[in-house]
Amino acid sequence: MRVALVTGAATGIGQATADVLEARGFAVARNHLPGQHVPGYSAEADVSDPAAVGRMVENVTSDLGPVSVLVANAAYMVMGAIEDVDAGEFWRVVNTNLTGTFACIRACAPEMAEAGWGRIVSVASDWGRTGWPRATAYCASKGGIISLTRAAALELGPHGVTVNAVAPGIIDTPQLQVDADDAGVSMAEMHERYAQEVPLRRVGRPAEVAEVIAHLCSDAAATITGQIVSVNGGAV
C-alpha cells in the first residue's frame, strides 16, 4: 500500500484530498497543527519549522512506510495594505506556504527517488499567477511554489518522481473568512461577491480540487510533471 502525506489536512482542500486518497487505497498520514484533530493517522507538525517536518516524515516512515505521495497543502494567509503587513506576518506566510512546501519536498523526495516512483503535488493559488490586492505576502509565497514546482520537476523527473501544483481560484474553505474579515462582510456576502467574478458564477468546492490532486497522484498521470493546473471556474 502506498503512503500519502497530506499537509494541512484538518480542514478544506487538505481534508478533502486526504479523504479521496484514503478512499482510493492509500495509507494517508494527515498533517495538522498542534491542537487540531483529524481522523485516522495523525501527523502533527507546524510545517513552517523544517526540523518539525523532518521529525514528522521520520515518524510517518517508521509507522506506515516511506512516503510515496506528498500533497503539500498547508497554508497561512493574511490580508492588508502593504504598509500594514509587518515583517513578522510576512515571513509567517512565506515560511508556512513556501518554506514549508520546500521542507516537505526535501524530506520526502530522496526516498521517492530511490524507489523510482513518487508523486508530489503542491497547492499553489491562482493569485500566485495573477496577484491580488491586499494579499501581497500570500501571492508572493504562492508564486514561489509555482517556480519551486517547475524546478523540482526538472530535478526529480529522471528519478521517476513527478512534481505538479494545482492553482485553485476561489474555493469554499475556512480561509475565505480572512477575505470576509478584511472586506468587513459576512461569509455569505463574500461568496456572492467572488461568485460574480467567476464565469461559472459560484465558488469552487474542496472536493473538486481534491479530485484533480488525486489524479495527479495516480499512475494514470505518469507523464504529467512540471505543470500548474488551475481549478478556478474559468477565471482568467
Side-chain angles (χ1 to χ4, degrees), residues 1-9 13-14 16-32 38 40-45 47 49-75 97-124 142 144-168 209-231:
M1 180 181 293
R2 286 172 174 160
V3 176
L5 170 61
V6 181
T7 69
I13 292 170
T17 300
D19 290 346
V20 169
L21 292 178
E22 199 163 69
R24 296 187 184 183
F26 290 89
V28 178
R30 299 174 185 242
N31 161 258
H32 59 94
V38 296
Y41 183 93
S42 165
E44 180 179 293
V47 300
D49 178 356
V53 169
R55 291 191 296 270
M56 173 181 67
V57 172
E58 288 178 1
N59 290 338
V60 171
T61 299
S62 175
D63 292 343
L64 301 180
V67 175
S68 56
V69 169
L70 168 65
V71 180
N73 163 76
N97 301 354
L98 179 55
T99 306
T101 296
F102 174 76
C104 289
I105 293 174
R106 182 175 63 181
C108 295
E111 290 273 13
M112 295 180 185
E114 183 176 347
W117 193 97
R119 298 285 185 268
I120 297 170
V121 183
S122 298
V123 178
K142 294 297 187 174
I145 288 173
I146 288 171
S147 293
L148 172 61
T149 295
R150 289 174 171 146
L154 293 172
E155 182 170 339
L156 296 173
H159 303 285
V161 179
T162 67
V163 187
N164 295 287
V166 295
V209 183
E211 288 291 339
V212 176
I213 294 172
H215 176 67
L216 293 173
C217 294
S218 70
D219 286 316
T223 60
I224 304 174
T225 195
Q227 303 304 304
I228 314 302
V229 183
S230 290
V231 186

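Just so you know, these numbers use all the heavy atoms, side chains as well, and skip hydrogens, waters and symmetry mates.
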Query - Euclidean distance, I213 CD1 relative to S218 OG, rounded to 0.5 Å - result: 12.5 Å
Query raised in the report: Measuring from L70:CG to C104:SG, what's the distance to the nearest 0.5 Å?
Result: 5.5 Å
Report task. Could you pull out all residues at least two apart from R30 that satisfy salt bridge (Lys or Arg N to Asp or Glu O under 4.0 Å)? Result -> D19, E22
Look only at the side chain of [X] and the backbone of [Y], and say whether a donor-acceptor pair between them is shorter than 3.5 Å.
X	Y	value
T162	R119	no
T7	A74	yes
Q227	T225	yes
N73	I13	no
N31	E44	no
S62	N59	no
T149	I145	yes

Could you report the tightest heavy-atom contact between [X] and [Y], atom names first, then the distance?
X	Y	value
V53	A107	CG1-CB, 4.2 Å
V123	K142	O-NZ, 2.8 Å
S122	T101	OG-CG2, 3.3 Å
A9	V6	CB-O, 3.6 Å
W117	R2	CZ2-NH1, 3.2 Å

Query raised in the report: Among V3, L21, V20, which one satisfies side chain to side chain contact (heavy atoms under 4.5 Å, CB included) with V28?
Result: L21
Student check: side-chain heavy atoms of [X] and [Y] closer than 4.5 Å:
X	Y	result
D49	M56	no
V57	E111	no
F102	V47	no
P50	R106	yes
V229	N164	no
V71	V69	yes
C217	T17	no
I228	R150	yes

Query raised in the report: Taking only residues two or more places apart in sequence or in another chain, which ones pass side chain to side chain contact (heavy atoms under 4.5 Å, CB included) with A151?
Result: none
Report task. Could you pull out all residues at least two apart from D63 that satisfy side-chain hydrogen bond (donor to acceptor under 3.5 Å, both in side chains)? Result -> Y41
Report task. Tell me, with the steps shown, if C108 and L5 meet side chain to side chain contact (heavy atoms under 4.5 Å, CB included). Result -> CA-CA 9 Å; C108 295; L5 170 61; 4.3 Å; yes
**Report entry** E211 and R24 ion-paired at < 4.0 Å
**Finding:** yes
